[in-house]
Amino acid sequence: MYFLTGWPRRLLCPLKSEEEPFHIQPNSQRFYFAVLSETQLSIWFSRPSVLIVSYVESVKAAAQFGFYQQAEWKPDDSMIAVAAANGYILMFDVVGGGEDKYLYEPVYPKGSPRVKVTPGYKEEQCAPALSLEMKRPIDLEAPITSIKSLQEDLLVSTADGYLHILHWDGVSNGRKAISLCTVPFSLDLQSARGGPSLDLEGLYVRDMEYCVTLDGFAVVLDDGRLGFISPVASRFTAEQLQGVWAADVTDGTCVAVNNKYRLMAFGCASGSVLVYMIDTTTGSMQLSHKLELTPKHFPDVWNKTGAVTLIRWSPDYSVAMVTWECGGLSLWSVFGAHLICTLGEDFAYRSDGTKKDPIKISSMCWGAEGYHLWVITSKEEAELVENMEEAPPPTQTKQAGILQFHFIKSALTVNPCTSNQEQVLLHGEDRLYLTCGDPTQGLSTLLGHKHWHVVQVQAHKRLHSFPIQKFAAIDTAGQCIAVAGRRGFAHYSMSSRKWKLFGNITQEQNMTVTGGLAWWKDFVVVACYNFIDQQEELRLYLRSSNLDNAFASVAKLHSDTLLLNVFRDLIVLFRADCSICLYSIERRHDGPNPSACVELLQEVSMSRYIPHPALVVSVTLTSVRTETGIALKAPQQACMAESIMLNLAGQLIMLQRDRSGPQVREKEDQKKLLPFCPPVVLAQCVENVWTTCRSNKKKRHLLEALWLSCGEAGMKVWLPLFPRDHRKPHSFLSRRIMLPFHINIYPLAVLFEDALVLGASNETVLYDVLSGGPREGREPLEVMFPYCTVERTSQIYLHHILRQLLVRNLGEQALLLAQSCAGLPYFPHVMELMVHVVLEEEATSREPIPDPLLPTVAKFITEFPLFLQTIVHCARKTEYALWNYLFAAVGNPKDLFEECLMAQDLDTAASYLIILQNMEVPAVSRQHATLLFNTALEQGKWDLCRHMIRFLKAIGSGEMETPPPTPTTQEPSSTGGFEFFRNRSISLSQSADSIPAGKFNLQKTFSMPSGPSTKGKDSDCAENMYIDMMLWRHARHLLEQVRLKDLGCFSAQLGFELIGWLCRERTRVARVDDFVMALKCLHKDFLWPFPVIPACSISSPFKNGHRKTVLSQRLLKSQSADSLLNSDMDTAPPQASARNSNHTWLDGLGALGPEPKEMNTTSSHGGPQTQEAFLSPLTNKTEECSIGSATDLTETSSMVDGDWTMVDENFSTLSLTQSELEHISMELANKGPHKSQVQLRYLLHVFMEAGCLEWCVVIGLILREVTVIKQVVNFLDSPEVPPETVKSIRSGLLGVDAWASTDCLGYKPFLNLIRPQLQKLIETAVEQVQPEAFQPGASNPNSKLTEPQPGCPRAEDSRGPAPLGLALPLEPSGGLVTEDGGAPEEQEEQAADEGAYDCTLS
């Protein structure tokens, strides 16, 4: 409602004086402030905040009258009455300085349209020069306790128990005195008036205030009792007064009345403020509510504040400011919602935690429109605050100071028609704050951030119409804002960031907005007073036109307008004669600009029900009805204006259209509006009302409801109840229900469809480090007070409403409402909140609950698919002690866990596992964890698998350990499941015992705790064995089903040491029973196309084959390598040790590789390579051509396989024939995705290392790598190879050959290439293996390609757990290239003579 902003400002008095000011009193308009010190009366102007005049009493007169104590203004500002200590009332005339006497005048730049001839210039832009003249004093002969203005009279109470009624002129009519003893007091006005019912002897009025709308005085007597004195007739005389008491209160200290809401706020010595209302039937004082600090929010000070010293209602009566003896300020809304308090948080504590002394206040008052609070601090406080840099000597005069606190407030306080918008609009003295975003564009724009859109009102606009904003309104889309000052108005466009002002200043000065502003489509609707015609008018201005009366649609009004609102195409006005007028608006296009036509439809007199027009807070047209029968039959009528809502001093009154009687149909046919029924009171203590004119069949509950803000009572919603599926409603079921609920923020707007309340809250920032060093004299204000900001807030309320419906056994309605909101992004959170709140209340209750709600809530949530998630999330956010109560209501967590598994919701099942671990014995946890682990393995949920491994280990060790550190080279789960390093090597997790020590100098690149060979203190632990068994079982399952891709992902993600496991399983599950089926599975798994035969190959399959192969594979290789280097499959670079060992190992592998004559054929491994691998020149015996340019191009162009459009020019340099190009393109078409190629080569390497020769053959077939088949067949002669393996490979290849002949001819060319090897197998004769193939490089002294590496024996000689491990070069041709990148020409010739598709596996 009201929010503090920034730091307070200190106003210094230009006159030096030893006296401190102690009292401040504003005039009725709050333009002038009378400030009293002991012998001095000063008048300050509000804007600019300057001292105008000061009257200093002479020493002689001061001795006679005594020091000044209180002041009061005459309603027309022409006089000030001052009460002096010796019982005198001093009357001062406030004399204006004449036409041209101004203390301050604004100076405008040249060319400014704001010139001095502007009407109203003088009184609105200049600080006037005033003078004070004392008239004859009045001696009341007793100390004066209180002085209040009473229209034309002045009411003074004295310490001798009298009330004096003085005339302001003080001379002509004399004065009357009423003794308090003669006023009859009772508890209510129905008691017999047989004289005074209480002994008032010796008592006097300590404080009092007149309430216009109650027509009486609220009084505090000196013994602390509270009362209300009202005249029986219209005049105040002794015989005509009567009083009522507030029962059982004896500690009253002060009073303030609220004229708009007819409330009396009494301060008490206990620190509470009691707010009373007058019962209209009995006339008794009834306690409405209390304003007090709660121990929950202010545990340190709630009972240490001392007595309440001052209460001040804001000018619009929507908030009250309170201060206490101990100091501090606190702000409450009219019905008790607490907004701000300076006794806690950053106001009370410094940033180092030390406590500040609260500011003590002797007097305060609100400035114009409530944008400022003027505060005078008490004397001891003033010594701290007012001193300048150094403490002055006591004799020296000081500058007095006044503190000015700045506020921004909600537009709802003065212009309640903004309550049908879904934006928050706040306005300050010179700026507007609004929520960014368009509600029609969805929720994210309104809730996307916490920032305000701050609109500065321009300087010239600000100066000429103080106070800047009496009214502000925003349109539905949040794109246009209209603001009204004292004269005229302006509007601002958010899209163009420009203001639109009246072009003719005279027009602006000749109108003042009286009843408010509203937007209707693109028109501003203004209820204003026209000074020239002296006529109240209703005007509509088109937003896109110039702001000029020529473009306005004007309707004359007969009475002053107090309030205005818009509903669809209707305007509703509330007028000063207590009548309500309905107007229709129609858009016209007859002229060059669109205009609006306004027509009076209906007048409704409310004078019978409204005692005073100022009591009406808001008026709203709605489509709300008490019975929904008609709305159900004719849904279009649900959008009609069915009722008027009036907020009458906090009472919400509803006037509904009268649809009874036979005359309804004919009246509707004649388009006449129906009369209204007598009013019905819907709710009490209402501050704001929200309703919408939109309709949405899916969310009828929320859109046809009425939302109320009720101060400390929170919010209420008047919810419609609909029969389900259009069944006949139950006769006993009410059509609507009022549901109260509490929220933690002050509501400023309601998002109807989104079930959200928007609000704002004060936040503070400490800057007390600015003081720097020890405090001398006084602290600066920036140190004494924190900097205040206003934050946007929002809150969900749906769970409150659902719970209230369930409490009232309206589960069917709750279900309808929840289902309509199930699409909201925070609906799961709503469900959690509902369970959580009910659980906390019931499980922590000290008394047994006769009818617990939790089982009902649990049953309700089972209607939604989020049930399992909701319960487990709620449980994990609740303390363990409440779990038994929760699961007693919702079901056994074991059953819920199994439901999650059946629903394949593994993440939720994992959360239930944590519940089970705490509630069940470890065996049960392990059993359920195993179930979940196996399911997660099967579904490839690798993150969950890693958590489950850790969880199972923790069960074994008896406590949850910290999560294992993530290895540096662990691959993210999105990379497809294979791990690669840059720097020319694959990372292989090999167990140390699976490879002989001297074979490779390779360090493990990483170690996952889940691996079978994890070393450490718990390596012998049964838990590790248990986990390993599950991992082995899953790997066996994958291999049996020929799911190699899943096996690779599984190995890479969980750090499973595949090679070591395959070595053990080589003769068991790692066999291939059906080569054809395995081949088909791989094609399907890796999305690898079956090969097809090009037309040209049928006639000449191997014509010039070698060169084409070299070329195409060279081009492919360079492109593949480059894309791989930059692909997402790369992980972080390995450590230096790993890098070095990889190089050493590769060099050793090079020595074991095939004869270097095959150097220029492409490597079958697609791993990352460095550039020298494919920048070597390619020479040929028949022609020499450079491939460098093509390679460079393919490196920089990341083209996919088969897209050769970018290398046309390079092909022209290669002079390829058409048939050769066709052959290359066909070869590319026969290849699968690049990623699959990389994965297959990796698996080939793994199976080679593990000696699983059958799988090597299958992968060699799908990759169509002759070299692989050659090497395997050559190695089959080794005595270590079991005969079954040889037999299996022989029969497998024959089976593939037979299948290819019938079903897949594309494999025939490749099978023809390996015909010699197949023949060799069939003949089973021992052939001489090429000596170069498996001998160290040392045996070939002519080879310049590789240098011999010590410690790398022949593969046949290696013995150990993996005797069949084939050491194959991992590097493509780059690994076998000489240092200078060249290749001997004779080797090229040799390779050309071979002429086949010979490829080196790397």
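All values reported here derive from a predicted model rather than from experimental measurement. Each residue takes its place number in the sequence, starting with 1.
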Taking all heavy atoms of [X] and all of [Y], pick out the closest pair and write down the distance.
{"X": "F1310", "Y": "G1260", "value": "CZ-O, 4.0 Å"}
{"X": "G1048", "Y": "L1243", "value": "CA-CD2, 4.5 Å"}
{"X": "L1054", "Y": "C945", "value": "CD2-CB, 3.7 Å"}
{"X": "V1076", "Y": "G1295", "value": "CG2-O, 3.7 Å"}
{"X": "A936", "Y": "L944", "value": "CB-CD2, 4.0 Å"}

Side-chain contact test, heavy atoms from C-beta onward, threshold under 4.5 Å: evaluate it for [X] versus [Y] and give yes or no.
{"X": "V1069", "Y": "W1061", "answer": "yes"}
{"X": "M1248", "Y": "V1272", "answer": "yes"}
{"X": "H1245", "Y": "E1249", "answer": "yes"}
{"X": "P1091", "Y": "R1264", "answer": "yes"}
{"X": "F1050", "Y": "L1031", "answer": "yes"}
{"X": "W1088", "Y": "Q1237", "answer": "yes"}
{"X": "L1311", "Y": "L1318", "answer": "no"}
{"X": "L1263", "Y": "V1268", "answer": "no"}

Worksheet item: So which of V1246, L1244, V1072 actually passes side-chain contact (heavy atoms from CB on, under 4.5 Å) with W1255?
Response: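 Per the side-chain contact (heavy atoms from CB on, under 4.5 Å) rule, the option paired with W1255 is V1072, out of V1246, L1244, V1072.
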Nearest 0.5 angstrom please: [X] [atom1] to [Y] [atom2], how far?
{"X": "E1265", "Y": "L1313", "atom1": "CD", "atom2": "CG", "result": "11.5 Å"}
{"X": "F1075", "Y": "S1291", "atom1": "CZ", "atom2": "OG", "result": "6.5 Å"}
{"X": "C1063", "Y": "E1057", "atom1": "SG", "atom2": "CD", "result": "11.0 Å"}
{"X": "T1285", "Y": "R1066", "atom1": "OG1", "atom2": "CZ", "result": "8.5 Å"}
{"X": "C1252", "Y": "E1254", "atom1": "SG", "atom2": "CD", "result": "8.0 Å"}
{"X": "L1079", "Y": "D1074", "atom1": "CG", "atom2": "CG", "result": "10.0 Å"}

Discussion item. Tell me every residue that passes salt bridge (Lys or Arg N to Asp or Glu O under 4.0 Å) with E938, counting only those two or more places apart in sequence or in another chain.
Written reply: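 Applying salt bridge (Lys or Arg N to Asp or Glu O under 4.0 Å) to E938 gives R1043.
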Fill in: Evaluation steps, side chain to side chain contact (heavy atoms under 4.5 Å, CB included), between L1044 and L1039
CA-CA 7 Å; L1044 288 198; L1039 203 52; 3.5 Å; yes
Worksheet item: How far apart are the C-alpha atoms of V1296 and L1261, what are their side-chain angles, what is the distance that settles it, and do they pass the side chain to side chain contact (heavy atoms under 4.5 Å, CB included) test?
Response: CA-CA 9 Å; V1296 170; L1261 281 171; 4.1 Å; yes
Discussion item. I'd like to know whether F1247 forms a side chain to side chain contact (heavy atoms under 4.5 Å, CB included) with L1253, so could you lay out the CA-CA distance, the side-chain angles of the two residues, the decisive distance to 0.1 Å, and finally the verdict.
Written reply: CA-CA 7 Å; F1247 284 121; L1253 300 180; over 6 Å; no
Discussion item. With a 4.0 Å cut-off on N to O distance, would you call E1284 and K1287 a salt bridge?
Written reply: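 Salt bridge flag = no for K1287 with E1284.
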Item to complete: Would you confirm whether S1051, through its side chain, and F1056, through its main-chain N or O, come within 3.5 Å as a donor-acceptor pair?
Response: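 Between the backbone of F1056 and the side chain of S1051 there is a qualifying donor-acceptor contact (under 3.5 Å).
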Discussion item. Pair T935, K941 - check side chain to side chain contact (heavy atoms under 4.5 Å, CB included), show working.
Written reply: CA-CA 9 Å; T935 314; K941 298 278 181 72; over 6 Å; no
Worksheet entry | salt bridge (charged side-chain N to carboxylate O under 4.0 Å, His left out): pairs with one or both residues in residues 1296-1313, sequence neighbours excluded |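 Residue pairs with at least one partner in residues 1296-1313: D1297-K1308, D1297-R1315.
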